[in-house]
Amino acid sequence: MTEDQTPADVPAPPVSDSQSFRRAFKDLSDGFAQRELWLQLGWQDIKQRYRRSVLGPFWITIATGVQAAAMGLLYAALFHQPLKYYLPYVTVGLIVWNVIQNSILEGSEVFIANEGLIKQLPSALSVHVYRLVWRQFLFFAHNVAIYVIMLVGFGLWRNLHWTSLLAIPGVLLIFANSMWVSLVFGILATRYRDIAPILSSTTLMLFVLTPVMWSTKALQDHGGSVSDRAKLVQVVPTYHYLEIVRGPLLGDPLRLHSWLLVLGITVAGWIAAILALKQFRSRVPYWV
């Protein structure tokens, strides 16, 4: 300040908005606007994974189909369930579970795995999340071919009705959750490297507790108080994520409580993601 200036004439120092909601939402919108980049990178990830392979990405479908067939045959025999019902049940459950599992595990590594791009490429942080979710969607789309085969081979189309269309918003909800999971866990795991192994153990525990390979109907067949114990599975959130997609695809009755719970978790998760992006978006490049 010079002698002829008063304190009122001195301009105020600029205020950084790096930790503002405006910058958080701008990161999401700018990342989506760069869709040519993350669409190409996501597809390139799959091509690179199956480079020099004759069948290419269809190995995704074959691997999932073999795993579903093996697990379906085994658990149908163990639980004395009809194969016509149990194999599609396990197959659809496994397809959806793969999306949930990879969203958690790969989402926690999304920024660490893209360290070079984050430091060298001037792009929105959310680009890497869009890339991951797009790649998972491509995996999911390849695996849907298995469901289509079973739809015809096992005559499942006879059990379908208009509520089967709810599988479409169910899938959209799964991937909407995949985005906030990748943002929240990705930021946390970048700052605290212990988060990734913790999530790996937690995901394994959820796989055991969630009826992916086993059915609550199989437990109820034993009679008595088992029916009450079978209802305990509804405490596990991932059960409801499976049901909003698997139920419609198999022609099961609509479970409104599962939809409401998933919608509630989605809203809460996105609030957490926006807060995390607002507070720590500018620090991620220094943490990777």
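No side-chain heavy atom of F137 sits under 4.5 Å from any side-chain heavy atom of S178. Side-chain contact between Y147 and P88: absent, with no pair of heavy atoms (C-beta onward) separated by less than 4.5 Å. Residues L41 and E36 have side chains not in contact (no heavy-atom distance under 4.5 Å, counting atoms from C-beta outward). Contact annotation: the side chain of N98 never approaches that of F140 to less than 4.5 Å [non-hydrogen atoms, C-beta and beyond]. Contact check for Y86 versus L73: no side-chain heavy atoms found under the 4.5 Å cut-off. When side chains are defined from C-beta on, Q101 does not count as touching E106, because their heavy atoms never get closer than 4.5 Å. With contacts defined as side-chain heavy-atom distances shorter than 4.5 Å, the pair R23/K278 does not qualify. In this structure, the side chains of L166 and V245 stay at 4.5 Å or more apart for every pair of heavy atoms.
Here the closest heavy-atom approach between residue G186 and residue V110 is recorded as CA-CG1, 4.1 Å. Of all heavy-atom pairs between A76 and L83, the closest is CB-CD1, 4.1 Å. Heavy atoms only, all atoms of each residue included: I244 and W259 are closest at O-CZ2, 3.5 Å. Taking each heavy atom of S182 and F111 in turn, the nearest pair found is O-CE1, 4.4 Å. Nearest heavy-atom pair across E243 and S258 is CB-OG, 4.1 Å.
F25 and F21 have tilted rings, their planes meeting at an angle from 30° to 60° on a 0 to 90° scale.
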| task | Could you please spell out the steps behind the side chain to side chain contact (heavy atoms under 4.5 Å, CB included) verdict for W97 and N102? | result | CA-CA 8 Å; W97 176 258; N102 292 332; over 6 Å; no

| task | Test ring-ring contact (aromatic ring centres under 6.0 Å, His included) on F280 and W287 and set out the steps. | result | CA-CA 10 Å; F280 305 112; W287 290 341; 5.8 Å; yes

| query | Could you go step by step and tell me if R191 and R283 meet the side chain to side chain contact (heavy atoms under 4.5 Å, CB included) rule? | reply | CA-CA 9 Å; R191 177 63 180 89; R283 301 183 188 181; over 6 Å; no

| request: Show your reasoning for whether side chain to side chain contact (heavy atoms under 4.5 Å, CB included) applies to Q67 and V90. | output: CA-CA 10 Å; Q67 184 181 4; V90 170; over 6 Å; no

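Between the S164 side chain and the P248 main chain, a donor and an acceptor come within less than 3.5 Å of each other. Side chain of Y130 to backbone of L28: a donor-acceptor contact under 3.5 angstrom is found. Side chain of W38 to main chain of G31: a donor-acceptor pair is present (N/O by atom type, distance under 3.5 Å, no hydrogens or angles). Listed for the T210 side chain is no donor-acceptor partner under 3.5 Å among the backbone atoms of F207. N114 places no side-chain N or O within 3.5 Å of a backbone atom of H128 that could act as its donor or acceptor partner. Judged by distance alone, the side chain of T61 and the main-chain N or O of H142 form a donor-acceptor pair under 3.5 Å. Side-chain atoms of W214 come within 3.5 Å of backbone atoms of V208 as a donor-acceptor pair (strictly under, hydrogens ignored). When atom types are taken as modelled, the side chain of W180 and the backbone of I271 share no donor-acceptor pair closer than 3.5 angstrom. Of the possible polar contacts, one joining the D27 side chain to the S126 backbone as a donor-acceptor pair under 3.5 Å is found. S200 contributes no side-chain N or O that, together with a main-chain N or O of A196, makes up a donor-acceptor pair within less than 3.5 Å.
To the nearest 0.5 Å, atoms CD (E115) and OG1 (T190) are separated by 10.0 Å. Between atom CG of residue N143 and atom CZ of residue F139 there is a gap of 9.0 Å, rounded to the nearest 0.5 Å. The distance from the OG atom of S103 to the OH atom of Y241 is 10.5 Å, given to the nearest 0.5 Å. Note: L242 CG to I95 CD1 = 11.5 Å, rounded to the nearest 0.5 Å. Rounded to the nearest 0.5 Å, atoms CZ (R246) and CG (L94) are 10.0 Å apart. Interatomic distance, L250 CG to T91 OG1, rounded to the nearest 0.5 Å: 9.5 Å.
Linking Ile, Leu, Val, Met, Phe, Trp and Tyr residues whenever their side-chain heavy atoms come within less than 4.5 Å places Y192 and I187 in a single cluster. Linking Ile, Leu, Val, Met, Phe, Trp and Tyr residues whenever their side-chain heavy atoms come within less than 4.5 Å places V184 and L263 in a single cluster. Grouping the Ile, Leu, Val, Met, Phe, Trp and Tyr side chains by contacts below 4.5 angstrom, directly or via other members, places L275 with V267. Hydrophobic clustering (side-chain heavy atoms under 4.5 Å, transitive across Ile, Leu, Val, Met, Phe, Trp, Tyr) groups V66 together with M213. M179 and L105 are assigned to two separate hydrophobic clusters, defined by single-linkage of ILVMFWY side chains at heavy-atom distances under 4.5 Å.
Within 6.0 Å of CZ in F175 there are more than 12 heavy atoms belonging to other residues, nucleotides or ligands.
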